[in-house]
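Contents: one structure, followed by commentary.
Numbers here are sequence positions counted from 1.
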Amino acid sequence: VQLQASGGGLVQAGGSLRLSCAASGRTLSSIVMGWFRQAPGKERDFVAAFSWRIGSTYYADSVKGRFTISRDNAKNTVYLQMNSLKPEDTAVYYCAAALGGPMAITSTYKYWGQGTLVTVSS
């Protein structure tokens, strides 16, 4: 699976961004797709994930109610809509794919995109 993330940028606090992750090499219907983020000097943290197979989504507490993960089957693309952005959301965001396993754990994911930088100014 090859993943290509895009959509990052600079936004003011309270604003919105939508990240995209285009997948190739395997249909999304058979895998778990997740978003993670890594702020400077910090570990990579789970943000959101979606499993086509069981039809469920899962969010980190820090983004619940503000971020939404969705997909476009025809485009084999997963999105992360980010609303009400805060300065603490500033990070490099990575999309990742897994064949199964706990959705919030980094080691579950075998395939990773290159990351896209999101900067939220106060």
Taking atom types as modelled and ignoring hydrogens, do the side chains of Asn83 and Ser16 form a donor-acceptor contact shorter than 3.5 angstrom?
yes
Would you say Ser62's side chain and Ala60's backbone share a donor-acceptor pair under 3.5 angstrom?
no
Heavy atoms, side chains only, cut-off 4.5 Å: are Val63 and Arg37 in contact?
yes
Could you tell me if the ring centre of Tyr94 sits under 6.0 Å from that of Tyr109?
no
OG1 (Thr106) and CG (Asp45) are apart, to the nearest 0.5 Å, by 7.5 Å
Interatomic distance, Cys21 atom SG to Arg71 atom CZ [nearest 0.5 angstrom]
14.5 Å
In this structure, CG of Leu80 is separated from CG of Leu17 (nearest 0.5 Å) by 9.5 Å
Do the side chains of Tyr59 and Val47 get nearer than 4.5 Å, heavy atoms only?
no
Quick one: does any side-chain atom of Thr116 pair with a main-chain N or O of Gly8 as donor and acceptor, under 3.5 Å?
yes
Using 0.5 Å steps for rounding, measure from the OG1 atom of Thr57 to the CE atom of Met33.
14.5 Å
Evaluate the side-chain proximity of Tyr58 to Phe46: yes if any heavy-atom separation is below 4.5 Å, no if none is.
yes
Kindly indicate whether the side chain of Trp35, heavy atoms from C-beta on, has any atom under 4.5 Å from the side chain of Ile69.
yes
Between Lys86 and Asp89, does any side-chain N to carboxylate O distance fall below 4.0 Å?
no
Whether the Gln2 and Ser24 side chains hold a donor-acceptor pair (N or O, under 3.5 Å, no angle test) is what I'd like checked.
yes
Let me confirm one number: the OG1-CE distance from Thr68 to Met82, rounded to the nearest 0.5 Å.
11.0 Å
Would you confirm whether the ring centroid of Trp112 sits within less than 6.0 angstrom of the ring centroid of Phe36?
yes
Measuring from Leu19:CG to Tyr93:OH, what's the distance to the nearest 0.5 Å?
7.5 Å
Do we see a donor-acceptor contact under 3.5 Å between the side chains of Arg18 and Tyr79?
no
When you measure from the side chain of Arg44 to the backbone of Gln38, do you find a donor-acceptor pair of N or O atoms at a distance under 3.5 Å?
no
